[in-house]
Each structure stands twice: as structure tokens, then as C-alpha cells.
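First the structure, in the form of C-alpha cells, and then the observations on it.
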Amino acid sequence: MTLPLRVHWRNVSLLLTVEAFWGVSLALISMVAILPVFLRHLGASNATIGWMPVIWLLVTAFPGVFASYFTSKLARRKRMVLLLHVGAAVPWLFLAAWFGLAHRPPPHADVAIFLAVWGAAWVWMGFTIPVWINFIGKVTRTELRARSFGIIFFFQTMMGAIGGWVGSRILGSGLPFPADYALGFVIAAVFMAVGSFFFIPVREEAGAVEEPGKPLQTVLQNAREIWADRGGIRVYLWILFFTTGCFLLITFYPVFAETRFHLTARDSAIYTAVCMAGQMLGSLLTGVIGDRFGYAKVSVIATAALTVGLALSIWGPGTAAYYATAFALGIFLVADRLALYNLSMAFSPHEDNTAYLGIVPALVAPISALIAGSSGALIDRFGFVPIAIVGLIGAVAALGLALFRLPEPRYSFHTVGKGTPS
């Protein structure tokens, strides 16, 4: 049954409200600049900071692989989505309490506690994200899916830009370190919890229910399906692998630029805000392009933006290039996510496409984590620029694959140009 157009846009407006709150939260706890610079001020080396992308890649990929096992027997998933989003605030309340302590433990204890709790938070989010994406797919119309994602990401990133500005005010307020970051963590946790309750009025029709099989057997079956496919999904896996260099701009470039351009912690928050502005603009453009021309074109935009961002990080002079890099990174991040979510669903042969949303990034996560994690130690040894040049070569290879080898899935062609009757 096709969702009435009126219900579709009502659901989208409620989802926008959720993401407005979450946009502020995600900016204040962003792995783009803010948290790497936070770790640097705690005394962490590049090699230690390099654990951030490793943890993020592994703990977001593998919990999501098993999400479909737990959701396949649920005709409605709104309650699970609500509980998962509210629970995401708990780790940040703990970190706020820890870094708000007046008497500080040794710096190595701070670094260890942060990485452990931050990693646990992303284990939770790794399970949450594919369930959330599948839920959005259920409560929006198929032919408007990419545009709906684009609008949702627009509001999330618009509020993220505001959140980045709030972060810059907090970090420039004169509060002692790390209490200034602790205040940001509290605000992020509160906004997460409050925003989650706007899922409640969303109208969700009962979906198909499947009897879940054994979790590991289901995962292996889905992995075999993907590797046996001779079409676009395997090409897309290579694109994901070659774009691992994005973590150079997310994690290491802000730390490198702080020394190169004599920046402060406040500048890292502005970098995040500019990155969110890039995502805000990119979300609108890629949403429309995805619906009109297909999701493979969105992957072209993502890889082109990453290529530009890495080139700017290597040869761009001054703070103008610093913020231009952040803007290009923002376009990449939103286009990459939109391509990942929609292509994973489009290439999936199953009605419940949660499994592909989890398994596709998980297949490349171990190698990507190894590359991203070793970058910190390599940067300590050789410097940022030589490693960024390697990342740039990978981005160019990904752009070539997206342009010339990535086919448009039939699901995508089926929806392109389709009308929207009520």
C-alpha cells in the first residue's frame, strides 16, 4: 500500500524535528575536528588519535550487521527506534560527569576513559543507524526517499552548523579545560533525549514480518549474496574502500592545521560548523539529484568532493583553505551517507533491506580500519602531507569507479522521474 502524500510529509516534518535536536548534539560531539582536538589537548599523540577511526569503523559496522535479525520479527519498529535514540544519550552524560570533575586524574586515564565510553556509544549507534534508516524508508514514500533523506539531512546539518557555533562559544567562554567540553557533552545528551520523543507521533504502517534465522548464518548468507553479485554492489564496495582517506580530513587534518595555521580549540568548532554547512547544502542538492538522476550520481558527487578536500588540505594556503576543506568534507559526508543508504537498499533483493544497510559497510570495515588506524603512526613518522597524497590517489581512483564502472540499480531507475500522486 502506497503511503498517502499527506501522511508522508507529516512524517517527514516530525523526522525533521528529531534531526533538528540531534543536529545540535552531533555537532557538539563531532569526530570532525572537535573530538580529535580534544584528545590532542588531553595529551594524545596522532597514533592514539588514530584509534578514533578504527573504533568508529569497527563498532558502527558490526552491530548493524545483526540489526535485521532483531527487527525482522517486528511489524512496527517505532518503539525500538525511540528506545535506541533515548539510550544514546547515556554515554555522553557519563562523559560530562567524568570531565566535569574538579580533581583531574592522570591524562592517560582521561584518554582511556574517553575512548572506551565513546566506543561504547558508537556500538549502540552502530546498531541504531540501520534500524533508523529502515524505519525512515518505511514511513516515507519510495519515489521520494532520496529527497526525503536529503531534506532530513539538511535540517540535521543546519542545526549542526548552529551546534558548531554553540561549541565555538563554549570553547571560547573562558571555562577551564576540560569542563568546557563537559558542558558541550551535557547539552548534546539533553538534546538527544528530547528530540527522540518526536518519533512518537510518526505514523507507521505494519510491515512484513519474517521468521528470523540464526544470526551468524543470516549474516554469512547476506555476505555471500553480495560477493557473488557481478553488478554494482561489488564496485561500490571498492569505492567505499578507496574513500577511507576521508578520515584524514575528519581526524588528522584539524590537528595538523592547528599547528600549521596557529589555530585554537575554538577554530575546530568553527571547522565543524563549516563542515555542517557543506552537508546542509549538499543534502539538498544530492537529494534532488538522487531522485532525478539516480543514486550512483550521488556517489560521483561524494568522491569528487573528497578529491577536492584532500587536494586543498595538501596545497591550500591559510585559514581560507582550512575552512574550504571543511566545506568540501561536508559535501562528501552527506553525499557519501546518502549514496550508502540508498544504494544499499537499492541493490538489496530483500523486502527487509536492513541487512544490506548493515553488511555493506561491514564488509570493508576491517581493511578500512587498518588503513585509517595506521595513518596516525605514519603521520607521526612522515608528516601529514605525504599520507594525504596517498589518500588523494585513493579518492581519484574512487571517482573513476563512480564515473565509469558503477551502474545505476534497477530500483533507482524505477523511481527516477516517477510522479507523486496523493
Side-chain angles (χ1 to χ4, degrees), residues 31-32 52-65 67 122 125-126 129-130 133 146 149 219 222-251 279 282 286 290 294-307 309-310 328-329 331-348 353-375 390-409 412:
M31 196 169 75
V32 178
M52 292 191 73
V54 175
I55 293 170
W56 187 86
L57 281 164
L58 295 179
V59 303
T60 56
F62 292 104
V65 167
W122 276 104
M125 288 305 298
I129 289 171
I133 293 297
F149 274 117
V219 168
N222 288 323
R224 283 194 296 267
E225 286 179 2
I226 291 173
W227 285 120
D229 182 84
R230 298 294 178 183
I233 191 66
R234 287 174 62 174
V235 174
Y236 186 63
L237 289 175
W238 280 105
I239 291 174
L240 291 177
F241 169 71
F242 282 125
T243 53
T244 303
C246 67
F247 288 101
L248 294 170
L249 302 184
I250 293 170
T251 307
Q279 292 185 60
T286 53
Y295 308 131
K297 301 300 185 295
V298 176
S299 185
V300 173
I301 295 171
T303 51
L306 179 60
T307 301
L310 284 166
L329 174 61
I331 294 176
F332 163 77
L333 289 175
V334 73
D336 178 65
R337 292 299 94 184
L338 188 63
L340 173 63
Y341 298 152
N342 283 286
L343 287 174
S344 296
M345 291 190 288
F347 284 121
S348 174
N353 45 39
T354 312
Y356 271 46
L357 284 168
I359 194 67
V360 168
L363 288 173
V364 297
I367 299 176
S368 296
L370 178 63
I371 294 171
S374 63
S375 297
V390 176
L392 177 60
I393 293 171
V396 171
L399 177 59
L401 287 174
L403 280 170
F404 304 114
R405 295 296 302 276
L406 182 64
E408 201 70 58
S412 186

Worksheet item: Quick one: does Phe242's side chain get under 4.5 Å of Leu401's, heavy atoms only?
Response: yes

Worksheet item: Mind checking whether Phe247 and Met31 have side chains closer than 4.5 Å, heavy atoms only?
Response: yes

Practice prompt. Could you check Leu338, Ile331, Leu306 and say which one makes a side chain to side chain contact (heavy atoms under 4.5 Å, CB included) with Ile301?
Written response: Ile331

Worksheet, complete the sentence: Which of Leu240, Thr244, Leu57 passes side chain to side chain contact (heavy atoms under 4.5 Å, CB included) with Val364? Answer is Leu240

Non-hydrogen atoms of [X] and [Y] that approach each other most closely:
X: Ala296; Y: Pro407; answer: CB-O, 4.0 Å
X: Ala398; Y: Thr303; answer: CB-CG2, 3.7 Å
X: Ala304; Y: Leu399; answer: N-CD1, 3.9 Å
X: Val54; Y: Ala369; answer: CG2-O, 3.2 Å
X: Tyr236; Y: Asp336; answer: OH-O, 3.9 Å
X: Ser299; Y: Ala402; answer: OG-CB, 4.0 Å

Discussion item. Return the CG to CD1 distance between Leu340 and Ile239, rounded to the nearest 0.5 Å.
Written reply: 11.5 Å

Practice prompt. Take Leu406 and Val300 through the test side-chain contact (heavy atoms from CB on, under 4.5 Å) and record every step on the way to the result.
Written response: CA-CA 9 Å; Leu406 182 64; Val300 173; over 6 Å; no

Discussion item. List the residues meeting side-chain hydrogen bond (donor to acceptor under 3.5 Å, both in side chains) with Thr251, not counting sequence neighbours, and say none if there are none.
Written reply: none

Worksheet item: Is the CD1 atom of Ile367 crowded by more than 12 outside heavy atoms at less than 6.0 Å?
Response: no

Practice prompt. Spell out, as yes or no, whether a donor-acceptor pair under 3.5 Å connects the side chain of Ser375 to the backbone of Ile371.
Written response: yes

Worksheet entry | Derivation and outcome, side-chain contact (heavy atoms from CB on, under 4.5 Å), residues Gln279 and Phe332 | CA-CA 8 Å; Gln279 292 185 60; Phe332 163 77; over 6 Å; no

